[in-house]
2 protein chains.
Amino acid sequence: MASIKDVAAEAGVSVATVSRVLNDHPSVSDDARTRVLAAVEALDYRPNAVARSLRTDQTRTLGLVISDVLNPYFTELARSVEEEARALGYSVIIGNADERPELQDHHVRTLLDRRIDGLLLSPTDGGSPGILDAARAGTPMVFVDRWIPGLDVPVVRADGRAAIRDLVAHLYGLGHRRLAIIAGPAATTTGSERVAAFRDALAEYGIPLPDAYIGEGDFQAESGRRATEGFLDLPEPPEVVFAADNLMALGALDAVRARGLRVPEDLALAAFDDIRWFVHTDPPITAIAQPTPELGRAAVRALVDRIEGRVPESVTLPARLVVRRSCGETNPSPSPVRRSKS
Amino acid sequence: MASIKDVAAEAGVSVATVSRVLNDHPSVSDDARTRVLAAVEALDYRPNAVARSLRTDQTRTLGLVISDVLNPYFTELARSVEEEARALGYSVIIGNADERPELQDHHVRTLLDRRIDGLLLSPTDGGSPGILDAARAGTPMVFVDRWIPGLDVPVVRADGRAAIRDLVAHLYGLGHRRLAIIAGPAATTTGSERVAAFRDALAEYGIPLPDAYIGEGDFQAESGRRATEGFLDLPEPPEVVFAADNLMALGALDAVRARGLRVPEDLALAAFDDIRWFVHTDPPITAIAQPTPELGRAAVRALVDRIEGRVPESVTLPARLVVRRSCGETNPSPSPVRRSKS
DNA sequence: ATCCTCCATGTAATCGATTCCACGAGGAGG
DNA sequence: CCTCCTCGTGGAATCGATTACATGGAGGAT
């Protein structure tokens with residue numbers, strides 16, 4: 001592969017001049033410029049990003065460590081992150097933590113070894129050594145979706161409290177009184193916050209949230225299945241299960257189906273995170289939708305601000321409730337005019 | 001951030017010795033080794049991968065350019081690729097082409113600029129300049145899922161012919177005679193091959209595949225919706241639609257639902273690629289399942305073989321039909337004993 | 001005509017690692 | 001006791017870029 005020296009030789013100039021042309025430095029004669037450009041063309045030369053990074057101490061690369069690539073929410077996030085980053089002249093390297101702290105740390109270290117310019121993180125746990133070290137070392141960093149309290153790192157996320165309150169109102173209106181939740185790991189902010197918001201919303205209706213109605217999930221489908229099994233085995237099973245992410249909702253569906261039960265007649269279901277398939281499931285699933293692409297874009301902008309010396313800002317965007325049929329027929333009262341159904 | 005010089009100073013040895021310890025070269029005294037290790041610990045030193053890559057001319061990184069991250073098939077593939085690569089000591093950088101040739105080329109070039117050791121590719125089109133150049137330049141490369149004919153590059157893929165024949169047999173057995181397909185772009189191998197296999201299978205039953213029954217899709221949901229609309233507007237609409245990937249099946253479902261029709265009564269549906277949600281859609285969708293994780297692993301092994309000087313092998317694995325209810329009730333004859341239905 | 005300024009260019013240092021080569025010490029063999 | 005090997009070690013070149021500094025020529029001002 002041709003190097004800058006080859007180009008210099010071919011064009012009959014020094015490597016400095018070639019470099020200047022490539023980085024369009026003003027003080028280069030037209031003559032030299034055209035000769036260099038011709039040489040670049042002739043040799044099919046492409047600058048070696050590795051060498052450039054070593055010298056300039058910047059890679060124009062962002063690291064993104066997400067909790068689970070198989071989760072459509074995160075892949076949508078990853079996509080918008082990459083898109084925005086590309087628009088700003090950065091590449092993105094994605095690390096998949098699979099909800100495992102040690103894998104997360106592996107990726108953080110690998111990314112740091114590659115001297116990425118900044119790190120976008122959706123932490124799997126409450127603060128693994130790798131992340132803490134990186135934060136202390138002053139690595140430009142932004143949390144997205146989940147975060148670690150107590151660190152001076154901007155957070156870009158969706159606030160689901162209002163949407164969860166709307167959801168509980170909807171469920172209450174449908175006559176449900178025994179409501180359960182499949183939580184994420186307590187070590188993640190989204191894991192604990194969604195439970196807290198749910199409990200608070202229930203409290204407004206004087207409904208308690210007993211421990212037996214809190215399933216311990218890990219944001220993976222299998223845990224959703226197990227938690228749902230647990231609920232169904234209870235002497236007094238809940239009427240509704242609210243899964244704190246879409247994969248656990250999938251697991252819940254698996255469990256319900258395995259028992260030959262039906263949604264919403266035997267058990268109603270709602271989920272945090274909306275995905276396209278929820279429109280076509282049997283029945284369509286009521287969900288809380290996050291403005292995922294906006295989150296990704298905002299996170300990249302915050303991180304790049306931090307990298308380029310501006311002051312990054314935390315961003316919180318609202319989530320919203322999308323009602324479908326998985327919690328029971330919608331109350332027709334809001335629009336009493338329309339009679340025709342279907 | 002501490003460099004190898006700092007470690008050398010701290011340990012009272014030369015950088016050469018530090019390097020030898022780090023790469024566990026045999027000829028280092030125990031004394032020197034322990035002092036270096038202590039210094040590494042004390043300074044929290046991590047080797048700069050950029051500098052190392054520049055010198056050794058290898059990055060221990062694989063590039064993976066996939067057609068669409070939002071497609072669960074590719075994300076499952078990406079996951080298994082990363083897993084296997086990590087096991088073999090490589091990192092993976094994923095580029096998402098979004099089914100757009102120019103974006104694909106952008107990623108290929110960026111990856112090459114970063115001097116990745118090898119490239120895993122699922123080409124969006126029949127041969128963009130970027131890919132052709134890379135192949136000619138001798139970049140270690142392996143195609144996965146899709147490939148470009150005429151290049152001497154190993155291919156790792158699933159063969160769907162047998163499964164498609166099984167599907168057609170299944171559909172024929174159900175009494176369907178007017179079968180349509182939503183194809184992928186003709187420029188991709190999977191786009192054209194699946195149509196060819198479908199046509200051949202139909203021919204075995206003496207059923208033609210008229211042009212009107214070939215929808216032009218691009219592997220994205222929206223195109224599946226449009227193609228299905230087109231079919232439904234035909235004077236004689238098909239009884240079955242076979243979508244060449246899961247996203248187009250989703251689009252087909254959208255179209256059917258928008259018209260208030262039902263699957264399979266009004267239109268039967270089958271898809272290439274099986275995903276978990278197909279179990280819970282209304283109705284569950286009959287699909288052709290690829291051994292996706294195995295494909296990812298085999299592709300990485302082939303690529304690493306090539307990189308490390310061994311001879312890489314092309315791999316073809318079989319896909320298989322998974323029958324569900326979206327094409328009509330399954331023939332009950334195999335198990336006449338069971339009466340109870342519910 | 002002299003001096004100053006500005007512009008285009010080249011030389012060489014530098015980034016942080018790896019690795020070839022040389023060198024000195026110590027042990028073995030004659 | 002001398003020679004030869006082996007082993008541990010350090011010096012320095014190298015990878016491919018960027019960039020500070022030096023240089024020389026052209027042109028403008030006085």
Side-chain angles (χ1 to χ4, degrees), chain A residues 1-37 39-40 43-61 89 91 109-117 137, chain B residues 1-37 39-40 43-61 89 91 109-117 137:
Chain A
M1 186 146 282
S3 84
I4 195 170
K5 271 189 209 154
D6 303 317
V7 176
E10 171 86 12
V13 297
S14 72
V15 294
T17 300
V18 175
S19 177
R20 277 188 276 257
V21 171
L22 264 26
N23 297 283
D24 40 35
H25 184 97
S27 121
V28 178
S29 68
D30 286 348
D31 175 52
R33 187 184 314 280
T34 47
R35 292 221 312 284
V36 168
L37 260 18
V40 164
L43 298 175
D44 211 5
Y45 169 76
R46 304 234 77 208
N48 183 329
V50 174
R52 184 194 298 239
S53 294
L54 176 61
R55 183 60 235 252
T56 60
D57 200 33
Q58 52 161 330
T59 49
R60 294 206 73 84
T61 301
S91 302
R109 284 202 207 285
T110 312
L111 290 168
L112 258 24
D113 287 352
R114 292 170 172 267
R115 301 301 193 265
I116 48 154
D117 294 340
Chain B
M1 186 145 286
S3 84
I4 196 170
K5 271 189 208 153
D6 304 316
V7 175
E10 172 85 10
V13 296
S14 72
V15 294
T17 300
V18 176
S19 177
R20 277 188 277 256
V21 171
L22 265 26
N23 297 285
D24 39 35
H25 184 97
S27 165
V28 178
S29 67
D30 286 348
D31 176 54
R33 187 183 314 279
T34 48
R35 293 221 311 286
V36 167
L37 260 17
V40 164
L43 299 175
D44 213 4
Y45 168 76
R46 304 233 79 210
N48 184 327
V50 174
R52 185 194 297 241
S53 294
L54 175 60
R55 183 59 234 253
T56 60
D57 200 33
Q58 53 162 329
T59 50
R60 294 206 72 86
T61 301
S91 302
R109 284 202 207 285
T110 312
L111 290 169
L112 258 24
D113 286 353
R114 288 165 177 271
R115 301 300 193 265
I116 48 153
D117 294 339

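Residue numbers begin at 1 in each chain, while the letters A, B, ... track the order of the sequences. Note that the structure is predicted; figures quoted are calculated from it, not measured.
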Check: Are any side-chain N or O atoms of A:N48 and backbone N or O atoms of A:V50, one a donor and one an acceptor, separated by less than 3.5 Å?
Finding: yes
Next item on the list: Could you check how far NZ of B:K5 sits from C1' of D:dG11, rounded to whole Å?
Entry: 13 Å
Check: What is the distance, rounded to the nearest whole Å, between atom NE2 of B:H25 and atom P of D:dT9?
Finding: 11 Å
Note to self: If I take atom CG in residue B:N48 and atom P in nucleotide C:dG16, what distance separates them, rounded to the nearest angstrom?
What the structure shows: 7 Å
Check: So what does B:V18 touch, heavy atoms closer than 4.0 Å: a base, only the sugar-phosphate, or nothing?
Finding: nothing
Check: Between C:dG16, D:dT18, C:dT18, which nucleotide has the shortest distance from any of its atoms to the side chain of A:N23?
Finding: D:dT18
Note to self: What contact category does A:S27 fall into here, base, sugar-phosphate, or nothing, at under 4.0 angstrom with non-hydrogen atoms?
What the structure shows: base
Notebook entry, point to check: Under 4.0 angstrom, heavy atoms only, what part of the nucleic acid is A:T56 near: base, sugar-phosphate, or nothing?
Noted result: sugar-phosphate
Next item on the list: Answer yes or no: are there more than 12 heavy-atom neighbours, outside B:D57 itself, under 6.0 Å from its atom CG?
Entry: no
Notebook entry, point to check: Taking C-beta and beyond as the side chain, do B:S14 and B:T17 meet within less than 4.5 Å on heavy atoms?
Noted result: yes
Notebook entry, point to check: 5'-most contact on DNA chain D: B:V15 or A:A49, nearest heavy atom basis?
Noted result: B:V15
Note to self: C:dA8, OP1 or OP2 - any side-chain N/O from A:S29 closer than 4.0 Å?
What the structure shows: no
Check: Looking at A:R52, does any N or O in its side chain come under 4.0 Å of the phosphate oxygens OP1/OP2 on D:dT18?
Finding: yes
Next item on the list: Measure from the side-chain heavy atoms of B:S3 and tell me the nearest of C:dG16, D:dG10, D:dA17.
Entry: C:dG16
Next item on the list: Check the distance between D:dT9's P and B:L22's CG and give it to me in whole angstrom.
Entry: 15 Å
Notebook entry, point to check: What nucleotide, of D:dG10, C:dG16, D:dT19, holds the atom closest to the side chain of A:R55?
Noted result: D:dT19
Next item on the list: Quick one: label A:A32 by what it contacts on the DNA or RNA (base, sugar-phosphate, nothing), any heavy atom closer than 4.0 Å.
Entry: sugar-phosphate
Notebook entry, point to check: Taking CG from B:D24 and P from D:dG8, how many angstroms apart are they, rounded to a whole number?
Noted result: 14 Å
Note to self: Is there a side-chain contact between B:N23 and B:R52 in this structure, where contact means two heavy atoms from C-beta onward sitting under 4.5 Å apart?
What the structure shows: yes
Item checked: salt bridge (Lys or Arg N to Asp or Glu O under 4.0 Å) pairs, two or more places apart, involving residues 4-33 of chain B -> B:D31-B:R35
Margin query: Expressed as a whole number of angstroms, how long is the span from A:Q58:CD to D:dT18:P?
Written below: 11 Å
Next item on the list: Starting at atom CG of A:D57, determine the distance to atom C1' of C:dT14, rounded to an integer number of angstrom.
Entry: 12 Å
Note to self: Output the rounded distance in Å from CZ (B:R20) to C1' (C:dT19).
What the structure shows: 8 Å
Notebook entry, point to check: Taking the side chain of A:T17 as its heavy atoms from C-beta onward, which of D:dA17, C:dT9, C:dG16 lies nearest to it?
Noted result: C:dT9
